[in-house]
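First up is the structure itself, then whatever we jot down about it.
Each chain gets a letter, A, B and so on, in the order the sequences are listed, and its residues count up from 1. Reckoned from all heavy atoms, side chains included, excluding hydrogens, waters and symmetry mates.
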Number of protein chains: 2
Amino acid sequence: MVRKTKEEADLTRRQIIDAARRVFLECGVSHTTLEKIAATAGVTRGAVYWHFRNKTELFFAMREQAILPFVDRVVFKEDDSDPLYGIETALREIFHILGDQPEVRETFEIISFKCEYVNELGDMMQCTGGQLDFLGKLTEAYRRAEARGVLRPGIAPDDLAHDTFLFVGGLIKHWLAGRPDERFRADAAALIRTHVALRRAGVDQAGPVSPARSSHLSKAA
Amino acid sequence: MVRKTKEEADLTRRQIIDAARRVFLECGVSHTTLEKIAATAGVTRGAVYWHFRNKTELFFAMREQAILPFVDRVVFKEDDSDPLYGIETALREIFHILGDQPEVRETFEIISFKCEYVNELGDMMQCTGGQLDFLGKLTEAYRRAEARGVLRPGIAPDDLAHDTFLFVGGLIKHWLAGRPDERFRADAAALIRTHVALRRAGVDQAGPVSPARSSHLSKAA
DNA sequence: GCCTTTACATACATTCGTGAATGTATAAAA
DNA sequence: TTTTATACATTCACGAATGTATGTAAAGGC
């Protein structure tokens, strides 16, 4: 068929990735055939093989696209007087991204539920570099919170970071799944607030989480 | 071939399930063929089709076996003077089971990482009945803890239960994956202790979690 | 002792998916 | 302007997996 310009070829490539995402989501990665992807994208398998060596490479290309928004948008402010609020903000941003960008959400759904981690993908079972990075950022943020004295005493920042890391992973998963009882989807922000409030010194309320936060020493029944 | 007795037939059935678990774990459910399972079990595909209608039914049979130990062994004592300790005990029991029984561990690994949730399995993405049950039990336990006054005030038991539910789910997943930095595997008990300690009233230590637990009102730097 | 059912094995038909080979028309380089 | 590399489409050869149909020998009831 007609030879395309570079721009058109690049568009075709993106369309193939988009099609792959849709078919992966519907059929699961294993049961997805390149023929289905090609048909969905409005091309033939030949085109797919032109742009990607095989299904795995296509999968990684799709994954790559979805990870980018997070490195940009999920940040822990280092100069904040209340690092705990910074943590809360960062966590909420994760779900803003998932809510705003359907492609990202769908890709995460695929990664979480529509993919089997064997052979080349076996390594992905373990935490990826990005996840370990996130864990490290959390740990640093909790250390800053401890130094600021806003942290509940007696528990190591490192342990808190791990606890939060597990919390976030679980929340993403259940947020994506969309149930049970919809709480995880509907009340993600509230669950995050509760989670962070548990770490605050002198807390007696899940209370306000705005920068104007509760005093450290209030203590009530 | 020779007709077997009922006992021998039942043994064959179990061997097929065992074989399925091994092959599922290695190849992923989708890429597992009934031929591989049959060969691993030392029978032919005919035998597999005799005992199970198809791969899905075999998968559910395997899954069923692995869930049983939890309903037996993960219990929240209702008459405990410290329901928080009961919660901690229950959570730890989960990982005892996973550590003790390789078949259970392997099955959970399959469910978590080697399976795509599409079509008939699509419903499994959501929380299963057992999981919702677990969430309910957690909520009740936290309510009892609140009534006993051992719970940190200001946070709803329901929210605590959800937070713990996410924590456990995440910990299971990372415990199974075996990394990052092995902390999740090696220090599961410590992470559970920390998690529960965060909920304790008047806490200043992650401190002792034995039945001789810290007093409610101690407060130190 | 016969008959039926059980517990498999074997064989077959069909479909599906892959990768590669080949064709082809044009954009871009020379 | 000619050439060449690009961006695909089309076709083919092959294996692999599935479900079913059929074979068979012994268990177990009568």
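Checked against the 6.0 Å centroid threshold, Phe108(B) and Phe70(B) count as a close aromatic pair.
Under 4.0 Å is where a charged nitrogen must lie from a carboxylate oxygen, and between Arg199(B) and Asp163(B) at least one such pair does. A salt bridge links Asp10(A) with Arg14(A): at least one charged nitrogen is closer than 4.0 Å to a carboxylate oxygen. Under the 4.0 Å criterion applied to side-chain N and carboxylate O atoms, Arg193(B) and Asp159(A) are not assigned as salt-bridge partners.
Within residues 17-45 of chain A, the residues that place at least one heavy atom under 4.0 Å from DNA chain D are, in residue-number order, Val43(A), Thr44(A).
Contact annotation: His51(B) side-chain N/O to dC8(C) OP1/OP2 distance is under 4.0 Å. Distances shown here put every side-chain N or O of Thr12(B) at or beyond 4.0 Å from the OP1 or OP2 atom of dA7(C).
Checked against salt bridge (Lys or Arg N to Asp or Glu O under 4.0 Å), Glu106(B) has the following partners two or more places apart in sequence or in another chain: Arg21(B). Checked against side-chain hydrogen bond (donor to acceptor under 3.5 Å, both in side chains), Arg73(A) has the following partners two or more places apart in sequence or in another chain: Glu93(A), Gln101(A).
Annotation: side chain to side chain donor-acceptor pair (under 3.5 Å) contacts involving residues 36-48 of chain B, sequence neighbours excluded, are absent. Judged as a salt bridge (charged side-chain N to carboxylate O under 4.0 Å, His left out), the pairs with a partner in residues 117-136 of chain A (not counting sequence neighbours) are, in order, Asp133(A)-Lys137(A).
Ring pair Phe76(A)/Phe134(A) is tilted by interplanar angle, where 30° to 60° counts as tilted.
Trp50(B) has its CH2 atom 15 Å from the P atom of dA21(D), to the nearest Å. One interatomic measurement links the two molecules: CZ of Arg14(A) to P of dC8(D), which rounds to 12 Å at whole-angstrom precision. Summarising the geometry, the separation between CG on Leu58(A) and C1' on dT18(C) is reported as 15 Å, rounded to the nearest angstrom. A straight line from CD of Gln15(B) to C1' of dA7(C) spans 14 Å, rounded to a whole angstrom. Here the P atom of nucleotide dA27(D) and the NZ atom of Lys6(B) are 13 Å apart, to the nearest Å. Remark: C1' of dT6(D) and CZ of Arg13(A) are 16 Å apart, rounded to the nearest angstrom. Atom CG of Asp10(B) and atom C1' of dC8(C) are 15 Å apart (whole Å).
Comparing Lys55(B) and Glu7(B) by the nucleotide of DNA chain D whose heavy atom lies nearest to each, the residue mapping closer to the 5' end is Lys55(B).
Looking at the side chain of Tyr49(B), the nearest of the listed nucleotides dC8(D), dG19(D), dG19(C) is dG19(D).
Scanning DNA chain D for stems, defined as runs of 3 or more consecutive Watson-Crick or G-U wobble pairs whose donor-acceptor distances all fall under 3.5 Å, gives the following ranges: C:2-30 with D:1-29.
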